[in-house]
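Comments concern the structure below.
Heavy atoms only: backbone and side chains are in, while hydrogens, waters and symmetry mates are out.
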Amino acid sequence: MAGPKYELVFIDRLLVTPVHLRTGLAHEAFGVLYKVGSSTMDRAIREVHPLPADRGFAVLDRPGIQLRTLEDMFAYAAAEDVTLPIDGKETQARRPYAGRPGRRAFASGKRRQNTVKTTTISDGQGRTLWSGAQRPGRMHDQTSVHTEGIAEQFHQHPGVRAEVDDGYRGLASESLDQVSAPPKTEGHEGSERRAGHRAVRLA
């Protein structure tokens, strides 16, 4: 029968989910690779995404450590003096059915698409230490950090430092001594400074 498949075996679901979380590659792109419909890929990622959080994130060179909660991750960062890059990954999602309550919440003004957004925190070397819940793309990053409890954790752990992009400038304003955001300048010079800040943050 012609057309995309509607099933994806469990091992493939396990493989595509961390790649999606790490790269932000759209569900449609995975669908092309695996020859399945985008709705199938969307459902697979949503099913598998909560599993790592339940098990906890392992820490390289620290056998036995499993960061299961946001509180665990902040305690680890405080103990090990780890600076935390915080980022929001936004990926295109299937358009919700007409008439569904909250349908407009998925329309991202930034991407001009229907998206879902996930807040992730890493250890500065690209290794994920915590991943939040998937939220509608219209939700602002600043709203996410309060909803997830991230802002409160900085109050609980005053020694923890983080680096963020423009979307989290409000968090940086609330925690001036802890959270660093790129300089807020206009024009070409501002773009260059923000690019330089991001390059240093990801190095």
Side-chain angles (χ1 to χ4, degrees), residues 17-24 45-46 48-91 105 108 110 115-185 190 193-203:
T17 301
V19 175
H20 162 70
L21 292 174
R22 179 68 181 273
T23 66
I45 292 175
R46 282 190 287 107
V48 175
H49 177 255
L51 299 181
D54 292 339
R55 180 174 174 80
F57 290 90
V59 179
L60 192 64
D61 301 328
R62 295 290 191 276
I65 293 182
Q66 295 289 125
L67 306 178
R68 291 184 171 83
T69 66
L70 185 64
E71 291 78 5
D72 290 344
M73 190 275 299
F74 266 84
Y76 166 76
E80 300 292 332
D81 193 26
V82 176
T83 298
L84 304 171
I86 302 176
D87 199 6
K89 295 186 180 298
E90 192 171 357
T91 55
S108 169
K110 179 180 179 181
T115 66
V116 292
K117 180 182 296 184
T118 306
T119 303
T120 59
I121 303 179
S122 69
D123 64 357
Q125 299 183 49
R127 299 174 300 201
T128 302
L129 300 179
W130 182 82
S131 179
Q134 285 191 342
R135 301 189 179 279
R138 198 178 186 89
M139 179 180 288
H140 194 278
D141 292 335
Q142 183 65 12
T143 303
S144 297
V145 299
H146 283 279
T147 303
E148 300 276 12
I150 296 172
E152 176 61 27
Q153 285 300 309
F154 280 106
H155 296 302
Q156 298 294 329
H157 299 87
V160 173
R161 302 289 185 269
E163 294 177 342
V164 299
D165 61 17
D166 290 344
Y168 298 94
R169 191 176 297 280
L171 179 64
S173 298
E174 293 177 15
S175 306
L176 289 174
D177 296 331
Q178 295 177 262
V179 182
S180 172
K184 188 176 183 180
T185 54
R193 289 186 180 181
R194 286 192 293 271
H197 181 275
R198 182 173 179 80
V200 171
R201 182 167 62 86
L202 298 177

- How would you list all residue pairs meeting ring pair (Phe, Tyr, Trp, His ring centres under 6.0 Å) that involve residues 61-86, not counting sequence neighbours? Phe74-Phe154, Phe74-His157
- Task: Please step through side chain to side chain contact (heavy atoms under 4.5 Å, CB included) for the pair Val179 and Arg161, ending with a clear verdict.
- Result: CA-CA 6 Å; Val179 182; Arg161 302 289 185 269; over 6 Å; no
- Item | Value rounded to 0.5 Å, distance of OG1 in Thr143 from CD in Glu148 | 11.5 Å
- Query: Do the side chains of Glu174 and His146 get nearer than 4.5 Å, heavy atoms only?
  - Reply: yes
- Task: Would you please test Leu84 and Leu129 for side chain to side chain contact (heavy atoms under 4.5 Å, CB included) and show each step?
- Result: CA-CA 9 Å; Leu84 304 171; Leu129 300 179; 4.0 Å; yes
- Is a side-chain donor or acceptor of Gln142 paired with a backbone partner of Leu171 at a separation under 3.5 angstrom? yes
- Salt-bridge present (Asp72, Arg68; N to O < 4.0 Å): no
- Item | Heavy-atom closest contact (Pro85 atom, Thr83 atom, distance) | CD-O, 3.2 Å
- Message: Do Thr128 and Ile121 have side chains that approach each other closer than 4.5 Å (heavy atoms only, starting at C-beta)?
- Response: no
- Message: Any non-hydrogen side-chain atom of Thr69 less than 4.5 Å from a side-chain atom of Trp130?
- Response: no
- Item | Nearest atoms (heavy-atom pairs only) where Pro182 meets Arg169 | O-NH1, 3.0 Å
- Message: If you apply the rule side chain to side chain contact (heavy atoms under 4.5 Å, CB included), what do you find for Val160 with Val82, and how did you get there?
- Response: CA-CA 7 Å; Val160 173; Val82 176; over 6 Å; no
- Query: Should Ile86 and Tyr168 be marked as a side chain to side chain contact (heavy atoms under 4.5 Å, CB included) after you check the CA-CA gap, both sets of side-chain angles, and the distance that decides it?
  - Reply: CA-CA 8 Å; Ile86 302 176; Tyr168 298 94; 4.2 Å; yes
- Ser131 versus Phe57: any side-chain heavy-atom pair under 4.5 Å? yes
- Query: Just wondering, do Asp141 and Val164 contact through their side chains at under 4.5 Å, heavy atoms?
  - Reply: no
